[in-house]
Amino acid sequence: MIKPQTIQIFLPDGSPTSIREAELTNRLVKAILFPRNKLQEVAKREMVHFTGVYFLFGSTEDGAKPIVYIGEGEDCFTRIQSHNRKKDFWTHCVIITTKTDEYTKTDGKYLEHYCLAKAKEIGRYVTDNDTGSKKPSISESREYDLLDNFDTAKILLATLGYPIFEEKRKAKSPKELFYCQGKEASAVGELTDDGFLIYKGGKSNIKETKSIGSWVSRIRKQLIEDAILKMEHGVYVFQQDYVCNSPSGAAAVVLARAANGWIEWKDKDGKTLDELKRK
């Protein structure tokens with residue numbers, strides 16, 4: 001259940017774009033975020049040497065997709081130093097640990113395993129891990145403790161700008177869903193904090209009109225290359241949920257033409273997104 005939260009963020013060097021420590025003041029779990037170029041400075045922070053799980057964030061070579069490597073360590077900083085020599089893609093790191101260094105090696109391995117599985121399931125980020133992570137043997141009671149810790153870590157990561165574990169779908173009822181129809185196209189989606197989400201299973205026109213615009217055509221080409229759009233029975237079908245920056249971008253991808261998404265997306269009663277959200 002979503003509930004109000006108070007999060008405290010501390011800036012050790014006073015810069016909001018540099019090292020940041022975040023915590024829910026009444027919880028055990030704490031996060032520290034730092035840019036790669038602050039590796040020497042962050043080494044002085046005691047918590048980076050605690051046992052925990054860490055996330056290396058960056059983007060793919062073409063800059064099109066966010067990417068993450070998830071790891072664990074008894075001394076997280078030592079492991080990150082190794083990645084600094086061997087991995088090029090990452091620009092920022094987040095370490096999740098406890099305020100008093102209470103995690104064991106097994107705890108770290110469990111969190112790594114669970115976080116990697118959830119990241120792949122949700123699919124917001126490409127994972128750089130070459131192999132999966134084996135689930136360690138752990139007591140049932142400790143597993144539930146760590147799952148509770150994960151919920152806190154999920155909030156802290158999103159607050160720091162990395163919503164890696166946030167579900168894409170937010171709609172709680174059919175009333176929040178919108179529909180886009182075209183010649184062969186038919187898609188369902190919702191307006192979210194990230195943009196406009198097109199649901200898996202949506203159908204997109206194959207033939208693009210001359211008015212489509214080069215940027216929409218490029219997006220569709222990339223979606224086809226990434227196998228997010230696949231041809232089935234004479235239409236392209238979305239193989240997974242996909243977020244567009246705007247309702248118009250989402251409508252254009254579905255209809256294969258220039259489109260005003262605020263008019264093209266309608267609820268089950270035929271009311272446009274514009275009528276319901278901007279009037």
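As the structure is a computational prediction, the values presented were derived from the model and not from experiment.
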| field | Residue that, paired with His83, satisfies side chain to side chain contact (heavy atoms under 4.5 Å, CB included) out of Lys86, Arg79, Gln81 | value |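 The single option meeting the side chain to side chain contact (heavy atoms under 4.5 Å, CB included) with His83 is Arg79.
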At their closest point, which heavy atom of [X] faces which heavy atom of [Y], and how far apart are they?
| X | Y | value |
| --- | --- | --- |
| Gly261 | Ala251 | CA-CB, 3.8 Å |
| Ala259 | Ala252 | CB-N, 4.0 Å |
| Ala31 | Met47 | C-CE, 4.0 Å |
| Thr106 | Pro136 | O-CG, 3.8 Å |
| Ala250 | Phe196 | CB-CD2, 3.7 Å |
| Glu208 | Ser217 | OE1-OG, 3.0 Å |

Does the distance from a Lys or Arg side-chain N to an Asp or Glu carboxylate O, for [X] and [Y], drop under 4.0 Å?
| X | Y | answer |
| --- | --- | --- |
| Lys109 | Glu112 | no |
| Arg278 | Asp274 | yes |
| Arg124 | Glu166 | no |

With hydrophobic residues grouped by side-chain heavy-atom distances under 4.5 Å, do [X] and [Y] end up in a single group?
| X | Y | result |
| --- | --- | --- |
| Phe10 | Leu156 | no |
| Tyr242 | Trp215 | yes |
| Ile95 | Leu33 | no |
| Val253 | Tyr179 | no |
| Ile70 | Phe77 | no |

Assess the pair [X] and [Y]: is the distance between their ring centroids shorter than 6.0 Å?
| X | Y | answer |
| --- | --- | --- |
| Trp90 | Tyr69 | no |
| Tyr125 | Phe57 | yes |
| Phe55 | Tyr162 | no |

To the nearest 0.5 Å, what is the distance between [atom1] on [X] and [atom2] on [Y]?
| X | Y | atom1 | atom2 | result |
| --- | --- | --- | --- | --- |
| Gln8 | Glu23 | CD | CD | 5.0 Å |
| Gln40 | Phe34 | CD | CZ | 12.0 Å |
| Phe89 | Ile67 | CZ | CD1 | 5.0 Å |
| Glu46 | His49 | CD | NE2 | 8.5 Å |
| Leu24 | Thr6 | CG | OG1 | 8.0 Å |
| Asn84 | Cys93 | CG | SG | 10.0 Å |

Sub-3.5 Å donor-acceptor pair from the side chain of [X] to the main-chain atoms of [Y], do we have one?
| X | Y | value |
| --- | --- | --- |
| Asp269 | Lys271 | no |
| Thr192 | Asp194 | yes |
| Arg20 | Pro16 | yes |
| Asp226 | Ile228 | no |
| Thr97 | Thr51 | yes |
| Lys87 | Ile80 | no |
| Asn205 | Glu184 | yes |
| Glu176 | Ser173 | yes |

Within the supplied structure, the quantity of interest is the number of heavy atoms (other residues, nucleotides, ligands) at a distance under 6.0 Å from [X] [atom1]; does it exceed 12?
| X | atom1 | answer |
| --- | --- | --- |
| Lys154 | NZ | yes |
| Lys277 | NZ | no |
| Glu140 | CD | no |
| Asn37 | CG | yes |

Any side-chain heavy atom of [X] within less than 4.5 Å of one from [Y]?
| X | Y | value |
| --- | --- | --- |
| Tyr54 | Val48 | no |
| Thr159 | Gln5 | no |
| Lys183 | Arg257 | no |
| Val237 | Lys230 | no |
| Lys168 | Gln240 | yes |
| Thr98 | Asp107 | no |
| His233 | Lys203 | no |
| Leu56 | Asp128 | no |

What I want to check is whether the side chains of [X] and [Y] have a donor and an acceptor closer together than 3.5 Å.
| X | Y | answer |
| --- | --- | --- |
| Asn149 | Thr152 | no |
| Thr209 | Ser211 | yes |
| Glu102 | Thr100 | yes |

| request: Apply side chain to side chain contact (heavy atoms under 4.5 Å, CB included) to Val188 and Phe238, showing your working. | output: CA-CA 11 Å; Val188 182; Phe238 283 87; over 6 Å; no
| said: As a quick check of understanding, evaluate side chain to side chain contact (heavy atoms under 4.5 Å, CB included) for Leu223 and Ile219, giving each step before the final call. | reply: CA-CA 6 Å; Leu223 291 175; Ile219 291 173; 4.0 Å; yes
| message | What verdict does the side chain to side chain contact (heavy atoms under 4.5 Å, CB included) test give for Thr272 and Trp265, after you've listed the backbone C-alpha separation in whole Å, the side-chain angles of each residue and the deciding distance to 0.1 Å? | response | CA-CA 6 Å; Thr272 67; Trp265 291 101; over 6 Å; no
| field | Verdict with supporting geometry, Leu111 and Ile96, side chain to side chain contact (heavy atoms under 4.5 Å, CB included) | value | CA-CA 10 Å; Leu111 286 170; Ile96 301 292; 5.7 Å; no
| Partner of Asp241 under salt bridge (Lys or Arg N to Asp or Glu O under 4.0 Å), chosen from Lys200, Lys170, Arg169 |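 In the set Lys200, Lys170, Arg169, the residue that makes a salt bridge (Lys or Arg N to Asp or Glu O under 4.0 Å) with Asp241 is Arg169.
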| Passing option when Tyr110 is tested against Glu72, Glu143, Lys135 for side-chain hydrogen bond (donor to acceptor under 3.5 Å, both in side chains) |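 Running side-chain hydrogen bond (donor to acceptor under 3.5 Å, both in side chains) over Glu72, Glu143, Lys135 with Tyr110 returns exactly one hit, Glu143.
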| message | As a quick check of understanding, evaluate salt bridge (charged side-chain N to carboxylate O under 4.0 Å, His left out) for Arg142 and Asp145, giving each step before the final call. | response | CA-CA 5 Å; Arg142 186 55 179 161; Asp145 286 342; 3.8 Å; yes
